[in-house]
Amino acid sequence: MACRYWLFKSEPGAYSYQDLERDRVAEWDGVRNYQARNMLRDDIQEGDGVLFYHSSTTELGVVGTATVVRAGYPDHTSWDPNSEHPDPKSTPENPTWYMVDIKPTGRLAGPVTLARMRAAPELQQMVLLRRGVRLSIQPVTEAEWQMVCHMGGANP
DNA sequence: GCCAACGTTGGC
DNA sequence: GCCAACGTTGGC
């Protein structure tokens, strides 16, 4: 897959865009879904763009952008029994789960809400809007990236 | 390898 | 809080 743009979902109660701005760099750990793992491990490259989406909150939508600063590497929290998502089957020698590091590149001037995206004819093919898709990491096309950034009043 | 039961996600 | 949709688990 030669995708250069992605959408990462996060519940702002757990980790918000504001948290990312505070931290400057975030290890995107804790992903425990094989489809998402494959993208983290195989496809997401340094320099790729990330739409940061807030889920399970009052204002659903993309609130900012980020960029990948480190491509996929083993998620060390998976073999830490005290982490939030331990997996006894994952070891340093044979890791099951992967993560990337991202840093914020700018809050959108206005949030691009889920409702606005649903209403945009240009975005009808977005993975996010597909019925039943719950992936927390999704590929985004360049056209979709441009459109969301445009709708958000950003120029990354 | 099938598939029912269960757990999770996430919008509403 | 509800529930549709999906992923995972485990008995057979």
Side-chain angles (χ1 to χ4, degrees), chain A residues 1 3 5-23 26-44 48-66 68 71-102 104-105 107-141 143-145 147-154:
Chain A
M1 202 188 304
C3 196
Y5 301 100
W6 310 91
L7 180 144
F8 284 18
K9 285 185 199 170
S10 189
E11 299 189 16
Y15 197 81
S16 67
Y17 193 77
Q18 196 173 342
D19 293 328
L20 181 64
E21 288 180 314
R22 178 201 61 209
D23 294 341
E27 295 185 344
W28 209 252
D29 61 11
V31 176
R32 298 291 181 265
N33 170 281
Y34 284 100
Q35 249 184 292
R37 186 281 308 269
N38 292 347
M39 290 187 270
L40 288 167
R41 186 189 58 189
D42 305 332
D43 301 320
I44 302 180
D48 285 1
V50 173
L51 297 174
F52 199 99
Y53 178 88
H54 279 174
S55 67
S56 295
T57 182
T58 50
E59 191 171 61
L60 302 166
V62 176
V63 294
T65 60
V68 176
Y73 64 103
D75 180 349
H76 55 76
T77 70
S78 63
W79 53 78
D80 175 1
N82 297 317
S83 80
E84 285 183 43
H85 307 279
D87 180 355
K89 292 191 295 293
S90 182
T91 64
E93 296 73 30
N94 192 17
T96 307
W97 305 109
Y98 282 73
M99 61 184 180
V100 299
D101 292 353
I102 64 172
T105 47
R107 184 175 283 277
L108 296 180
V112 180
T113 62
L114 181 61
R116 287 181 68 201
M117 288 190 275
R118 282 201 197 286
E122 299 90 339
L123 299 179
Q124 291 311 296
Q125 298 306 313
M126 271 189 93
V127 174
L128 181 72
L129 305 184
R130 294 225 259 275
R131 203 173 119 88
V133 172
R134 307 176 315 189
L135 277 174
S136 64
I137 296 201
Q138 308 175 353
V140 169
T141 68
E144 290 161 354
W145 167 270
M147 184 64 191
V148 171
C149 291
H150 175 72
M151 289 169 73

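Below, each value reflects all heavy atoms present in this structure, side chains not excepted, and no hydrogens, waters or symmetry copies. Remember, it's a predicted structure, so these values are computed and weren't measured experimentally. In the text below, chain A, chain B and the rest are named by the order of the sequence lines, each starting its count at 1.
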Between [X] ([atom1]) and [N] ([atom2]), how many Å, whole number?
{"X": "A:L128", "N": "B:dG11", "atom1": "CG", "atom2": "P", "result": "7 Å"}
{"X": "A:M126", "N": "B:dG11", "atom1": "CE", "atom2": "P", "result": "13 Å"}
{"X": "A:E11", "N": "B:dG10", "atom1": "CD", "atom2": "P", "result": "7 Å"}
{"X": "A:N33", "N": "C:dC6", "atom1": "CG", "atom2": "C1'", "result": "10 Å"}
{"X": "A:D87", "N": "C:dT8", "atom1": "CG", "atom2": "P", "result": "12 Å"}
{"X": "A:I137", "N": "C:dG7", "atom1": "CD1", "atom2": "C1'", "result": "16 Å"}
{"X": "A:R131", "N": "B:dG10", "atom1": "CZ", "atom2": "P", "result": "16 Å"}
{"X": "A:H85", "N": "C:dT8", "atom1": "NE2", "atom2": "P", "result": "15 Å"}

Using the six-membered ring wherever Trp is involved, compare the ring planes of A:Y15 and A:W28 and label them parallel, tilted or perpendicular (cut-offs 30° and 60°).
perpendicular
Would you call A:R32 and A:D75 a salt bridge, taking side-chain N to carboxylate O under 4.0 Å as the test?
yes
Is the count of non-hydrogen atoms from other residues, nucleotides or ligands lying under 6.0 Å from A:E21 atom CD greater than 12?
yes
Heavy atoms from C-beta onward define the side chain here; which of B:dG11, C:dT8, C:dG7 lies closest to that of A:R134?
C:dG7
Kindly point out which of C:dA5, B:dG11, C:dT8 is positioned nearest to the side chain of A:Y34?
C:dT8
Pick base, sugar-phosphate or nothing for A:R118, based on heavy-atom distances below 4.0 Å to the nucleic acid.
sugar-phosphate
Strictly below 4.0 Å: does A:Y53 bring a side-chain N or O up to OP1 or OP2 of B:dT9?
no
Would you please confirm or rule out a distance under 4.0 Å between OP1 or OP2 of B:dT9 and any side-chain N or O of A:K9?
no
Could you walk me through whether A:Y73 and A:D101 pass the side-chain hydrogen bond (donor to acceptor under 3.5 Å, both in side chains) test, one step at a time?
CA-CA 9 Å; A:Y73 64 103; A:D101 292 353; 2.5 Å; yes
